[in-house]
Amino acid sequence: MSSSTQNAKAKVSFGRLIRLPETGSFIGFVVVYIFFAILGGAVFVGAPGWSSWLNIGAEVGIIALPVGLLMIAGEFDISVGSIVPASSMTVAMLSGHYDFPATVGILGGLAIGLSIGFANGLLVTRTTIPSLIVTIGVMFAVMGLTLGFAVLLKGSTSVSYVPHPTAKFLLGQFINYMFSVAIFWWLAFVAFFFYILHISPLGNWIFAVGGDRESARNAGIPTSKVTIGLFMASGFCAAFVGVAQVMTYQQAQVAGGQSFIFNSIMCVVIGGVLLTGGAGSIVGILLGTMTFAVVNQGVFFAALDPNTGSIIVGALLLIAVVSNDSFRKFAISAASKKT
Amino acid sequence: MDQIKSLIYRPSAAAVVALLSVTLFYIFAGVEFGKLMGAASWVNYAARIGIVALPVCLLMVAGEIDISIGAMIPAGAMTTAIISGHFELPMSFGIIGALSVGVIVGVINGILAIRTNVPTLIITLATLVGMQGVVLAGSKLLTGSASVPLTAPDWAKTLFGQLMFGGSHQVIIIWWVVLAVVFWFFLHMSKYGNWIFAMGGDNESARNAGIPVNRMTVLLFVLTSTSAAFVGMCHAILFNSAQVSGGMNDIFNIIVSVVVGGVLLTGGFGTVFGVFVGTLTFAVVNKGIDFTAIDRNWANLIIGFMLLIAVAMNESFRAFALRASVGKKGATPEPSPEKAT
């Protein structure tokens with residue numbers, strides 16, 4: 001493994017570069033950014049533009065990373081959409097309504113995410129039900145629980161919470177009144193997941209599970225543990241975004257979070273991960289998220305109708321999907337010619 | 001005893017059990033059975049998602065999925081309202097327009113599905129987002145608003161948007177039942193049904209057996225998006241207006257109804273009757289809770305558990321049925337009877 005990567009570094013040829021899975025995502029990002037830079041002008045290229053799309057990118061990006069890992073391993077997680085409000089409700093309920101210290105609230109919120117992820121993983125590995133269905137079921141159940149308990153305990157669907165200054169500083173401040181601190185957390189998560197997927201042996205396991213689960217199991221990989229771990233990671237990250245949201249907006253609501261379901265999947269797909277399993281990279285997911293965020297916020301700066309944003313995202317998805325498909329055929333055929 | 005067994009072995013068994021237990025649960029929770037039966041809210045809702053759930057069932061049996069339906073329901077409604085309401089063209093133009101939008105999106109989905117190796121969940125996610133944008137931006141561009149009024153002539157009202165029995169039952173309930181019979185015939189009685197099962201079981205073998213897999217795939221995608229556009233059109237005619245929003249929740253609700261109805265997400269297994277019952281179950285859970293003393297907010301919790309339990313039942317019933325059929329074969333001299341036990 002290490003010798004082959006060194007080899008790759010030694011001869012960086014144009015053909016090799018163009019066959020990298022990230023190249024397509026990178027070209028996509030550059031094209032989209034230039035497009036909106038021309039339409040949006042100096043404001044979009046300056047700090048206000050960067051902060052607006054990075055803030056959006058950070059929220060969806062933190063969730064897109066583990067969702068991407070799951071998709072590489074051949075699984076889906078729809079339940080993230082309900083974990084975000086569930087965790088922010090837990091924080092606001094514990095620390096806002098019951099006046100526990102902020103750490104208790106934060107730990108509670110994150111624990112909710114981890115345990116829902118564990119339940120997802122257990123259900124997926126112990127039964128033959130596809131993860132799409134399992135996580136849809138869990139999503140409905142968690143939505144019901146969040147709503148039900150909010151109304152039962154608080155009598156309302158939104159809870160306000162004024163966070164402790166330290167907690168606010170770490171998780172919910174705006175640096176320079178513009179850049180959300182979540183951007184730095186996003187980068188930290190990127191580094192962490194990059195290590196997991198591309199450097200640690202766990203990454204090889206994840207690719208192997210997505211490529212062929214049966215062979216992976218026969219090769220001695222603890223496939224169930226890997227799957228459960230990945231679901232817990234996506235639960236944790238979704239809960240983290242929920243915590244950061246309540247710290248930022250000082251309020252938690254039962255609704256919302258639904259948009260994260262498809263948005264995170266779209267970032268991952270634009271980043272070159274396809275649900276055929278076994279292929280994808282963290283850099284690709286990062287680029288995909290950045291592209292998505294630029295389109296999402298760029299339409300406002302470009303004074304376009306905001307809805308054209310979703311036409312562009314849809315078109316980008318299609319292009320990503322079709323080009324990745326042909327890119328991969330091209331790369332595989334080039335590789336097989338060599339041998 | 002054998003009859004009971006053969007009933008359990010049916011793919012719709014879990015759906016029937018789910019419907020019975022949910023109804024019983026609500027009766028224990030204080031619902032008057034008669035009142036629930038007479039109420040229109042859940043039947044109307046069942047018809048709304050049921051008309052789309054039927055073709056989605058066929059598509060899932062063929063091993064594909066379509067989530068762009070979430071954008072097609074508002075797309076159908078808006079197309080009807082923009083053509084016949086805003087531009088005041090004859091009603092038939094609006095109806096044909098809405099259905100054509102459905103056909104076009106279905107063809108796009110279908111062609112992408114057969115030309116690429118990309119999972120259809122991802123393809124239809126792209127058309128879902130794209131169509132949402134097209135509908136929203138198109139409506140703003142053409143009418144300057146996100147909601148368009150529509151006055152439908154009497155014949156259109158009678159056909160697509162009347163309330164029946166002098167009460168509040170919508171006429172699309174009849175459409176749903178008729179379409180269910182048509183789809184039942186299509187899937188279980190015609191040769192096309194066999195083709196669909198073959199495609200879901202093993203796409204490659206189906207192609208080798210001479211089944212026009214590509215044409216069938218495109219046809220199924222056209223059926224799902226056109227049905228969704230049809231539902232949107234009926235609602236626009238009924239409510240005399242169309243809104244761009246809505247439809248996103250329908251995606252999951254429809255998938256849940258189909259899966260509770262015993263259709264296997266990976267294809268090759270499922271019945272129209274099961275999906276019909278699954279849709280009824282979903283509608284009873286979702287709307288029936290208003291008739292109980294239980295707070296409406298817990299409905300989603302019940303839906304989540306019902307889905308997981310129903311799917312788990314489906315899985316074990318199927319395993320049970322497959323084992324039984326293998327066991328029967330084992331009685332006649334077949335090789336490897338050890339595997340059966």
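Any value given below was found using the heavy atoms of this structure, including those in side chains, with hydrogens, waters and symmetry copies removed. Note on naming: letters A, B, ... go to the chains in the order of the sequence lines (proteins, then strands), and numbering restarts at 1 for each one.
Closest non-hydrogen pair, Ser310(A) versus Gly133(B), comes out as OG-CA, 2.9 Å. Here the closest non-hydrogen pair linking Ile129(A) and Leu308(B) is CD1-O, 4.4 Å.
Chain A forms more heavy-atom pairs under 4.5 Å with one residue of Gly130(B), Ala126(B), Gly138(B), Ala299(B) than with any other, namely Ala126(B). Comparing Ile136(A), Ile133(A), Leu318(A) by heavy-atom pairs within less than 4.5 Å of chain B, the highest count is held by Ile133(A). No other option in Val313(A), Leu317(A), Thr127(A) has as many heavy-atom pairs under 4.5 Å with chain B as Leu317(A).
Legend: residues meeting side chain to side chain donor-acceptor pair (under 3.5 Å) with Ser259(A), ordered by chain and number and at least two apart, are absent.
Proximity to chain A (any heavy atom under 4.5 Å) is shown, for Val311(B), by both the backbone and the side chain. Within the 4.5 angstrom heavy-atom criterion, only side-chain atoms of Leu123(A), from C-beta onward, approach chain B. Ile251(B) touches chain A through its side chain: at least one heavy atom from C-beta onward sits under 4.5 Å away, while N, CA, C and O do not. Proximity to chain A (any heavy atom under 4.5 Å) is shown, for Val134(B), by both the backbone and the side chain. Within the 4.5 angstrom heavy-atom criterion, no atom of Ile312(A) approaches chain B. Heavy atoms closer than 4.5 Å to chain A are found nowhere in Leu264(B), neither backbone nor side chain. Contact annotation for Thr128(A): both backbone and side-chain heavy atoms come within less than 4.5 Å of a heavy atom of chain B. Neither the backbone nor the side chain of Ile302(B) comes within contact range of chain A; no heavy atom of the residue lies under 4.5 Å from a heavy atom of that chain.
Between Phe76(A) and Leu121(B), the closest side-chain pair of non-hydrogen atoms falls below 4.5 Å. Annotation: side chain of Leu132(A) is in contact with side chain of Ile65(B) (closest heavy-atom distance under 4.5 Å). With contacts defined as side-chain heavy-atom distances shorter than 4.5 Å, the pair Met131(B)/Ile311(A) does not qualify. Using a 4.5 Å heavy-atom cutoff, the side chains of Met306(B) and Phe140(A) are not in contact. Counting heavy atoms from C-beta on, the side chains of Val129(B) and Phe262(A) never come closer than 4.5 Å. Residues Leu307(B) and Val134(A) are not in side-chain contact: their nearest non-hydrogen atoms beyond the backbone lie 4.5 Å or more apart. Using a 4.5 Å cut-off on side-chain heavy atoms (C-beta onward), Met71(A) and Ile122(B) make contact.
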Original post:
Would Leu301(B) and Met143(A) count as a side-chain contact (heavy atoms from CB on, under 4.5 Å) if you check the C-alpha gap in whole Å, the side-chain angles of each, and the deciding distance to 0.1 Å?
Top reply: CA-CA 7 Å; Leu301(B) 179 65; Met143(A) 260 170 20; over 6 Å; no

Original post:
Would Trp298(B) and Leu147(A) count as a side-chain contact (heavy atoms from CB on, under 4.5 Å) if you check the C-alpha gap in whole Å, the side-chain angles of each, and the deciding distance to 0.1 Å?
Top reply: CA-CA 7 Å; Trp298(B) 298 103; Leu147(A) 246 168; over 6 Å; no

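Around CZ of Phe118(A), the count of heavy atoms belonging to other residues, nucleotides or ligands within 6.0 Å does not exceed 12.
Within residues 78-89 of chain A, the residues having any heavy atom less than 4.5 Å from a heavy atom of chain B are, in residue-number order, Ile78(A).
Taking CG of Asn300(B) as the reference point, atom CG of Leu145(A) lies at 10.0 Å (rounded to 0.5 Å).
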